[in-house]
Amino acid sequence: MEIKERTVAEILLNELFKQGIKYIFLVPGTQISPILKILFKKNKSNLPEPVVANHELAAGLMATGYARASGKIGFAVSIGGPGAAYMVGAAVTAKADFDPVLFLTGNVPDTIEGTGEFQDAGTDGSNDSAIFKEAVGESIVCKKPEDITELFRLLELSFNKTKPLHAQCSFNFLESKLSFESIKPKHVLIQKEIPELICFKNERTILVIGRNAINKTDREKFKEFVKRTKTGVITDIKSRGIIPEDYEEAIGFIGCYSSQRSITALDSQSDLSANNIITVGVNNHLIKRHISHSDKNICSVDPEVFNSWMDSVSIDEEISEKNNLWLKKLGNIPLIACLPSGESGKFRYFDLIQILEKTLPEDTIYCLDSGQIRIAGSIYLTCRNPGNIIQSDNISPMGFGICASIGAQLASPGKRVVALVGDGSMRMHGFEISTSVRYNLPVIFILCDNQSYLSVRASKEAKDLSEIDWIAFGKSLGVKSFRIDNKDDFIQKLNAVLELNEPVFFWLKIPGLIKDELMGNTNVTIKNWYSEL
């Protein structure tokens with residue numbers, strides 16, 4: 001059978017669509033016009049839907065939110081030169097957070113590369129490939145039609161290893177024609193030994209589950225396993241919800257502002273310290289930062305064999321009962337050191353989260369931006385399903401929550417998505433709310449306004465921000481906007497907008513988190529470099 005010739009751009013888009021990628025996040029430009037010509041043609045089929053952002057960084061962060069919520073590859077496209085320079089911030093974020101995102105940037109035709117052409121992204125111009133290689137560790141320059149084979153090979157490798165990839169594609173590469181059969185990924189099954197962990201036969205055993213295990217673990221089997229064995233579970237930030245955090249076996253998470261219970265269980269100086277720690281898919285740096293059990297048993301299970309390992313584990317009923325008593329004691333440790341008092345009559349972060357969790361469905365996706373709202377969300381939100389909380393684990397760029405919520409809503413059209421944002425982040429990327437309006441995405445944007453970069457360690461003059469009429473701002477973007485003055489007002493308006501199938505914007509003024517909320521239990525040291533400043 002004769003294989004029809006197609007442009008490389010069309011082949012690329014068709015193949016990504018076959019792999020379940022339904023959306024492409026982009027800012028238009030001439031260098032990528034071969035892609036745009038296909039995406040925006042009439043009567044198209046078997047192609048992802050384009051989502052046009054206002055800024056290349058925002059497009060990249062939307063692709064990250066889509067990858068998180070969908071479990072698929074995120075795809076962000078921009079021109080080279082200035083577009084690539086703006087987008088590289090999202091690539092750095094994806095690299096740090098282990099998110100599989102393809103960042104494709106354009107370039108001038110390779111026949112004129114290096115001749116001083118406008119926005120040349122080659123080695124004699126902005127050298128985008130070198131910049132992205134430093135940022136994400138993997139960048140491919142595509143000039144010949146045959147380069148698409150190598151691009152797909154690297155893309156599969158990128159997805160399997162959950163890391164981003166950059167492709168710099170010249171105009172003539174995207175426009176050239178090629179006979180190309182559909183990609184058939186080759187998966188090689190490697191038999192891995194199932195370890196027998198003697199330490200699991202002792203009491204006070206904890207499983208620490210990391211991001212590299214979340215997509216390889218049979219969640220129902222895992223929930224049954226921890227219930228049967230009464231094993232405590234600690235997660236990193238990204239694997240939160242692998243078992244609901246209101247289970248008594250869920251001890252908490254480690255990462256940014258770790259929960260008190262998890263730190264207590266991992267602290268060898270604690271009376272409630274675990275005797276044995278089993279890690280599954282946990283980043284080694286995270287273990288070194290948070291596990292101080294130099295005199296305890298620490299071993300690991302490969303995520304590839306974890307499901308089979310759970311089938312092979314047996315435990316003594318007496319040990320199971322001892323584990324149960326220990327978990328109950330850990331459960332008596334409050335999630336925060338004290339209930340925040342705040343200023344009299346002021347709306348607090350605690351109130352906000354409490355109302356949201358009581359009003360919205362359990363499977364609501366919360367996208368946390370950077371700063372105080374990220375800290376509050378991490379402390380107060382209860383994660384019951386993987387992906388309920390989306391945040392940038394390590395880099396946490398301002399504006400992440402706004403952009404990620406748009407990608408997450410596209411990936412999860414049947415779920416509620418909430419973007420929790422501070423006023424500093426809203427000043428940077430709040431204009432992307434107009435993207436949700438453009439595509440009628442019913443994201444609930446909540447602005448927590450304290451008129452300050454309150455998490456910054458700096459003088460008041462450096463932190464204070466000018467006042468903005470945020471209702472006027474929201475209305476100018478075409479979104480229904482509401483000012484919130486108290487808890488009853490918020491409950492009433494939140495219930496009313498749940499009937500709407502469109503984005504909405506809430507503005508509430510809020511004081512900062514108090515010291516006890518930030519530091520958790522005063523007897524526990526939060527292990528990060530800036531806690532000593």
Side-chain angles (χ1 to χ4, degrees), residues 65 69 241 244-246 335 339-340 342-369 372-374 376-385 387-391 401-402 404-406 408-423 425-426 430 432-437 439-450 469-511:
E245 290 182 340
D246 47 9
L335 290 174
L339 188 66
E343 297 179 47
S344 176
K346 292 289 183 70
F347 200 106
R348 307 162 300 172
Y349 288 105
F350 178 79
D351 302 317
L352 169 63
I353 301 298
Q354 192 175 51
I355 291 169
L356 289 172
E357 291 201 314
K358 286 182 178 179
T359 307
L360 300 179
E362 280 193 4
D363 63 354
T364 295
I365 298 173
Y366 296 93
C367 296
L368 306 182
D369 222 298
Q372 292 263 297
I373 188 58
R374 183 192 177 200
S378 293
I379 292 172
Y380 296 137
L381 283 170
T382 301
C383 192
R384 295 181 175 86
N385 295 287
N388 272 168
I389 301 174
I390 294 177
Q391 59 182 304
I402 301 170
S405 69
I406 293 170
Q409 187 70 82
L410 286 164
S412 310
K415 295 182 180 180
R416 280 286 172 187
V417 175
V418 177
L420 293 170
V421 187
D423 53 316
S425 295
M426 189 61 72
E432 293 301 338
I433 290 176
S434 65
T435 304
S436 71
V437 175
Y439 295 98
N440 197 33
L441 302 174
V443 178
I444 300 173
F445 295 95
I446 299 178
L447 169 60
C448 300
D449 182 12
N450 51 38
D469 183 345
W470 289 109
I471 296 300
F473 172 81
K475 288 181 177 179
S476 74
L477 301 180
V479 64
K480 283 188 170 62
S481 304
F482 306 91
R483 174 167 178 161
I484 303 302
D485 296 311
N486 55 63
K487 289 188 285 186
D488 291 338
D489 184 35
F490 183 47
I491 293 169
Q492 180 182 359
K493 288 176 179 174
L494 182 61
N495 277 299
V497 303
L498 291 180
E499 302 299 321
L500 303 176
N501 188 35
E502 60 183 283
V504 293
F505 177 69
F506 288 106
W507 171 32
L508 57 95
K509 291 196 173 183
I510 198 163

>> I'd like to check Pro503 versus Leu441 (side-chain heavy atoms, cut-off strictly below 4.5 Å). Are they in contact?
In response: no
> Is any side-chain heavy atom of Val417 closer than 4.5 Å to a side-chain heavy atom of Ile444?
Replying inline: no
>> Nearest 0.5 Å, please: how far is CG in Leu500 from NZ in Lys480?
In response: 6.0 Å
> Is the shortest heavy-atom distance from the side chain of Ile510 to the side chain of Asp449 under 4.5 Å?
Replying inline: no
>> A side-chain contact here means heavy atoms from C-beta on lying under 4.5 Å apart; do Gln391 and Ile389 qualify?
In response: yes
> Does Thr364 reach the side chain of Val418, with side-chain heavy atoms less than 4.5 Å apart?
Replying inline: yes
> Roughly how far apart are Ile406 CD1 and Thr435 OG1, rounded to 0.5 Å?
Replying inline: 5.0 Å
> Do the charged groups of Lys487 and Asp489 touch, with an N to O distance under 4.0 Å?
Replying inline: no
>> Minimum heavy-atom separation for Cys448 and Ile373, please, with both atom names.
In response: SG-CD1, 3.9 Å
>> Test side-chain contact (heavy atoms from CB on, under 4.5 Å) on Phe350 and Ile379; report intermediate values, then the result.
In response: CA-CA 9 Å; Phe350 178 79; Ile379 292 172; over 6 Å; no
>> How long is the straight-line distance from CG of Asn388 back to SG of Cys367, given to the nearest 0.5 Å?
In response: 10.5 Å
>> How long is the straight-line distance from CG of Asp351 back to OH of Tyr349, given to the nearest 0.5 Å?
In response: 12.0 Å
>> Return the OH to CD distance between Tyr366 and Glu357, rounded to the nearest 0.5 Å.
In response: 5.5 Å
> Any donor and acceptor pair, going by atom type alone, linking the side chain of Arg416 with main-chain N or O of Leu498 inside 3.5 Å?
Replying inline: yes
>> Check this for me, if you would: do Arg384 and Glu245 make a salt bridge, where the nitrogen-to-carboxylate-oxygen distance has to be below 4.0 angstrom?
In response: no
> Any donor and acceptor pair, going by atom type alone, linking the side chain of Ser405 with main-chain N or O of Ile402 inside 3.5 Å?
Replying inline: yes
> Heavy atoms, side chains only, cut-off 4.5 Å: are Phe505 and Met426 in contact?
Replying inline: yes
>> Would the distance check show the side chain of Ser476 and the main-chain N or O of Phe473 forming a donor-acceptor pair, the cut-off being under 3.5 Å?
In response: yes
> Can you name the closest pair of heavy atoms from Ser412 and Ile365 and give their distance?
Replying inline: OG-CD1, 3.6 Å
>> Checking Leu356 against Leu420 for the side-chain contact (heavy atoms from CB on, under 4.5 Å) test, could you report, in this order, the C-alpha distance in whole Å, the side-chain angles of both residues, the deciding distance, and whether it holds?
In response: CA-CA 11 Å; Leu356 289 172; Leu420 293 170; 3.9 Å; yes
> Do you know which two heavy atoms are closest between Ala404 and Ile390, and how far apart they sit?
Replying inline: CB-CG2, 4.4 Å
> Could you state the interatomic distance from CD1 (Ile491) to CG (Leu494), rounded to the nearest 0.5 Å?
Replying inline: 8.5 Å
> Any sub-3.5 Å donor-acceptor pair from Ser378's side-chain atoms to Arg374's backbone N or O?
Replying inline: yes
>> Tell me whether Gln354 at atom CD has more than 12 heavy atoms from other residues, nucleotides or ligands lying less than 6.0 Å away.
In response: yes
> Under 4.5 Å between any side-chain heavy atoms of Pro442 and Gln409, yes or no?
Replying inline: yes
> Taking the side chain from Asp369 and the backbone from Gly401, do they hold a donor-acceptor pair closer than 3.5 Å?
Replying inline: yes
>> Quick one, Leu381 and Leu368 - any side-chain contact, counting heavy atoms below 4.5 Å?
In response: yes
>> Using the ring pair (Phe, Tyr, Trp, His ring centres under 6.0 Å) definition, which of the options Trp470, Phe445, Phe347, Phe490 pairs with Phe506?
In response: Phe490
